[in-house]
Visitor: 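Structure in structure tokens, see below.
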Number of protein chains: 2
Amino acid sequence: MVPAARRGRPRAEGADEKILGAALELLLERGYDRFSVDEAAATAGVAKTTLYRRWPTKDHLIVAVVARMQDEVPVRYSGDVRADLTRYLNAIVHGLDRVRRAGRPAGSGDASAGLVAEVAAAAARHADVGAAVHAMFARRNAVVLALLQEARSQGELRPDLDPEVLFDQLAGALYYRLLVTGRPLDGAYVGRLVSTALEGAAR
Amino acid sequence: MVPAARRGRPRAEGADEKILGAALELLLERGYDRFSVDEAAATAGVAKTTLYRRWPTKDHLIVAVVARMQDEVPVRYSGDVRADLTRYLNAIVHGLDRVRRAGRPAGSGDASAGLVAEVAAAAARHADVGAAVHAMFARRNAVVLALLQEARSQGELRPDLDPEVLFDQLAGALYYRLLVTGRPLDGAYVGRLVSTALEGAAR
DNA sequence: TTAGTTTCGCTACGGCCGTTTCGTAAAGGA
DNA sequence: TCCTTTACGAAACGGCCGTAGCGAAACTAA
């Protein structure tokens, strides 16, 4: 489907890519707060107005960059939910580790926690960014929710289980631990988390 | 314990209170992003330098305001963990609702989600703010963790349960739902959450 | 060709954050 | 009393975000 020929001067070809590439580099190097829109435009070799025509705020740009670097984690039901969930959550932890290792060296805290928190804050600041962030996570998590439904229909999970609630518990615990408690997020924690969620706390 | 008499001119008595009060009012009225330090100082009737001598950044000030309005939720083990946890989580939800209702009317999304996300972002931006935020939550959650240990020793919870993991699941799910999925946070969700966490997902 | 539309780069601006400077005020110590 | 120390208000500043205005460029439509 070729886009309908529009009226005036066409947008500079490849400008979007140049901007997103420069922005990604600067974002990983400096983190959200030390990231400057002026510098991103300059690094991309583009006027600031050209950037702002595409992304109306710094928040919009950052979320676009983050959405772009989201790698999908391929997951399929293997017959062992515990193993599948453990693998998926470990992939999230590993992705956060990559951001952390790429982050700024200064003692400004955890780069991965910072990025997650800033994306959440951007989602709360602008309604359209919020919609984009919610869609980004929904898309990313859809495969896992389907996996949980499959495991439930296979009898490995309780028939009355709400997969969304279970997933909120798992992913939520990861981000809560990362952002609120400041305690380490590693494979051992993922293992304890999956066990507790699957086997339950009662009795 | 009287503070040791310090050398120079003493700090203006009551200035801290005036600033925190004005800041709280402005924060609830406008939200983090539309909150201006200059305006907070002017409203408090204080020079900006006086404010910055006490809180070196806007983030420090906001976190101090939030820490101040944290009301502790009194919880004791009643012999029914499900009821106790439900009450506690509903208190959190209710507290977020209060912030939401006090929030700005403009379509800038959810005021409570915004405040939570901004506090998390502030914690990630400055190491000392992070320590304060972690301590604030640890203090707030300590009673619940003690409650869980009590319930475990009373045989209502699994003897091998890690209370921290269980609590991460519960609180994390709330904030994850609020910030990431954008879906409603109400009593019905709290009920489903507690049930799933206590009874487990397996079988 | 001509007119109209949209984008481009460039520049300047207002608002806010955080810092700095300056003169003054209020305390303790000699 | 005089000196030192710390806090105060007022003002100015640089950096960054986001907006506005300008002339030029690139395209469509007539």
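Worth knowing before you read on, the calculation uses all heavy atoms, side chains too, and leaves out hydrogens, waters and symmetry mates. Quick note on labels: first sequence line is chain A, next is B, and so on, each numbered from 1.
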Visitor: For K18(A), give me all partners under side-chain contact (heavy atoms from CB on, under 4.5 Å), at least two apart in sequence or on another chain.
Guide: A44(A), V46(A)
Visitor: Given atom CD1 of I19(B) and atom C1' of dA7(D), what is their separation to the nearest angstrom?
Guide: 12 Å
Visitor: Only counting residues at least two apart or in another chain, list the ones meeting side-chain contact (heavy atoms from CB on, under 4.5 Å) with A15(A).
Guide: A12(A), R54(A)
Visitor: Which is true for A15(B) with a 4.0 Å heavy-atom rule: it touches a base, it touches only sugar-phosphate, or it touches nothing?
Guide: nothing
Visitor: Which residue pairs pass the salt bridge (charged side-chain N to carboxylate O under 4.0 Å, His left out) test when at least one of the two sits in residues 73-86 of chain B, sequence neighbours left out?
Guide: R82(B)-E199(B), D84(B)-R87(B)
Visitor: 5' to 3' on DNA chain C, which nucleotides open and close the contacts with chain A (atom under 4.0 Å from a heavy atom)?
Guide: dT5(C) to dC10(C)
Visitor: Who are the side-chain hydrogen bond (donor to acceptor under 3.5 Å, both in side chains) partners of R7(B), not counting sequence neighbours?
Guide: none
Visitor: Within the 4.0 Å limit for protein heavy atoms, which parts of nucleotides 19-30 of chain D are touched? Write it as a string from 5' to 3', B for base, S for sugar-phosphate only, - for none.
Guide: BBB---BBBSS-
Visitor: Could you tell me which residues satisfy side-chain hydrogen bond (donor to acceptor under 3.5 Å, both in side chains) with Y88(A), sequence neighbours excluded, listed by chain and number?
Guide: N141(A)
Visitor: Taking the nucleotide of DNA chain C with the closest heavy atom to each, which residue, D59(B) or G45(A), is nearer the 5' end?
Guide: G45(A)
Visitor: Between R53(B) and dC8(D), is there a side-chain N or O to OP1/OP2 distance below 4.0 Å?
Guide: yes
Visitor: Which pairs, with at least one residue in residues 143-154 of chain B and sequence neighbours excluded, count as a salt bridge (charged side-chain N to carboxylate O under 4.0 Å, His left out)?
Guide: none
Visitor: Table please: side-chain donor-acceptor pairs of residues 90-98 of chain B below 3.5 Å, with sequence neighbours left out.
Guide:
from   : atom 1 : to      : atom 2 : distance (Å)
N90(B) : ND2    : T86(B)  : O      : 3.1
D97(B) : OD1    : R100(B) : NH1    : 2.2
R98(B) : NH2    : D71(B)  : OD2    : 3.0

Visitor: May I ask you to test the D59(B)-R125(B) pair for a side-chain heavy-atom distance under 4.5 Å?
Guide: yes
Visitor: Salt bridge (charged side-chain N to carboxylate O under 4.0 Å, His left out): which pairs involve residues 129-143 of chain B, sequence neighbours left out?
Guide: E72(B)-R139(B)
Visitor: Quick one: is R54(B) getting a side-chain N or O under 4.0 Å of the dC8(D) phosphate, OP1 or OP2?
Guide: yes
Visitor: Please tabulate, for side-chain N and O atoms in residues 177-190 of chain B, each donor-acceptor pair with protein atoms closer than 3.5 Å (sequence neighbours left out).
Guide:
from    : atom 1 : to      : atom 2 : distance (Å)
R177(B) : NE     : P184(B) : O      : 2.7
R177(B) : NH2    : P184(B) : O      : 3.3
T181(B) : OG1    : R177(B) : O      : 2.8
T181(B) : OG1    : R183(B) : N      : 3.2
R183(B) : NH1    : E164(A) : OE1    : 3.0
R183(B) : NH1    : E164(A) : OE2    : 2.5
D186(B) : OD1    : A188(B) : N      : 3.4
D186(B) : OD1    : Y189(B) : N      : 3.0
Y189(B) : OH     : D168(A) : OD2    : 2.6

Visitor: Using a cut-off of strictly less than 4.0 Å between a heavy atom of the residue and any atom of DNA chain C, enumerate the qualifying residues of residues 62-69 of chain B by number.
Guide: none
Visitor: Measure up the H60(B) and H126(B) rings against each other and bin them: parallel (under 30°), tilted (30 to 60°), perpendicular (over 60°).
Guide: tilted
